[in-house]
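First up is the structure itself, then whatever we jot down about it.
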Amino acid sequence: MNISIANKLLELRKEKNLSQEELADQIGVSRQSVSKWERAESSPDLDNLIELAKLYDISLDELLLDKESPNDEENNESSNHEDNKESPKGKEFVSIGIDGIHVIDADGTEVHIGANGLHVLDEDDCEYKFDCVYPIIVTIIYLLLGFIWRLWHPGWLVFLTIPIYYGIVGMFSGKKRKKDK
């Protein structure tokens, strides 16, 4: 866990004049958990972060990113709002909404958590526009082969072109591709 977040948790607890045990009772965890969070030995899970933000009456952005609440920045043009999904290059971004949680790190790494699961995308992923679209094109070709010419059984062979494609692209891009996480 980031030491600045641990320090922020400690400061916020002290501002509310709460002991570690009192805080633990209010959010439903052990005192040892609170102690570990404040020493940066472990991180609170998402449910606990939400409870902490509610208790301290601050946004998750403010809790995790050392930024002012989006409500406090309404007049500031650079504020990030929940419905804004774009992040300028080199800036961190967190959005929590009905469609899930979206985090973009300063180095370009994106994490999206939603109904479809967890998706992690590095800036190295999809460095070519065709790179992430290729599996979709292969799927469309497979469906066309099946529906039009009834070639369902031999049609699955088109999926074998996906690893071949990524192997060739990796060879010519000069970078070794990371294995799927």
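Counting all heavy atoms, side chain and backbone alike, Ala24 lies closest to Arg31 at CB-N, 3.7 Å. Closest non-hydrogen pair, Glu38 versus Ala6, comes out as O-CB, 3.6 Å.
Between Tyr142 and the options Trp156, Phe147, Trp152, a ring pair (Phe, Tyr, Trp, His ring centres under 6.0 Å) holds for only Trp152.
Looking only at side-chain heavy atoms (C-beta outward), Ile27 and Leu52 come within less than 4.5 Å of each other. By the 4.5 Å heavy-atom criterion applied to side chains, Ile148 and Leu143 are not counted as neighbours. Using a 4.5 Å heavy-atom threshold, the side chains of Leu55 and Gln26 count as touching. Contact annotation: the side chain of Lys16 never approaches that of Glu22 to less than 4.5 Å [non-hydrogen atoms, C-beta and beyond]. Under the 4.5 Å side-chain criterion, counting only non-hydrogen atoms from C-beta, Asp47 is not in contact with Glu51. Side chains of Trp37 and Ser43 form no contact here, defined as non-hydrogen atoms less than 4.5 Å apart. Between Leu9 and Leu63 the shortest side-chain heavy-atom distance falls below 4.5 Å.
We find the CD-CG distance between Glu62 and Asp57 to be 9.0 Å, quoted to the nearest 0.5 Å. Within the model, atoms CG of Asp25 and OG of Ser30 stand 10.0 Å from one another, a figure rounded to the nearest 0.5 Å. Here Glu110 contributes atom CD and Asp105 contributes atom CG; the two are 10.5 Å apart, rounded to the nearest 0.5 Å. Expressed to the nearest 0.5 Å, how far CD of Glu21 lies from CD of Gln32 amounts to 8.5 Å. Here the straight-line distance linking atom CG of Asn48 with atom OG of Ser33 works out to 7.5 Å at 0.5 Å rounding. The line from CG of Leu145 to CD1 of Ile141 is 7.5 Å long, rounded to the nearest 0.5 Å.
Without hydrogens or angle criteria, Lys8 side chain to Ile3 main chain gives no donor-acceptor distance under 3.5 Å. Using modelled atom types, one side-chain atom of Thr139 and one backbone atom of Pro135 make a donor-acceptor pair closer than 3.5 Å. A donor-acceptor pair is defined here as one N or O able to donate and one able to accept, closer than 3.5 Å; such a pair exists between the side chain of Arg13 and the backbone of Leu18.
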Check the pair Val94, Leu60 against side-chain contact (heavy atoms from CB on, under 4.5 Å), reporting the backbone distance first and the verdict last. CA-CA 8 Å; Val94 176; Leu60 282 173; 5.5 Å; no
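Note: the hydrophobic cluster containing Leu49 does not contain Leu10 (ILVMFWY, side chain heavy atoms under 4.5 Å, direct or indirect links).
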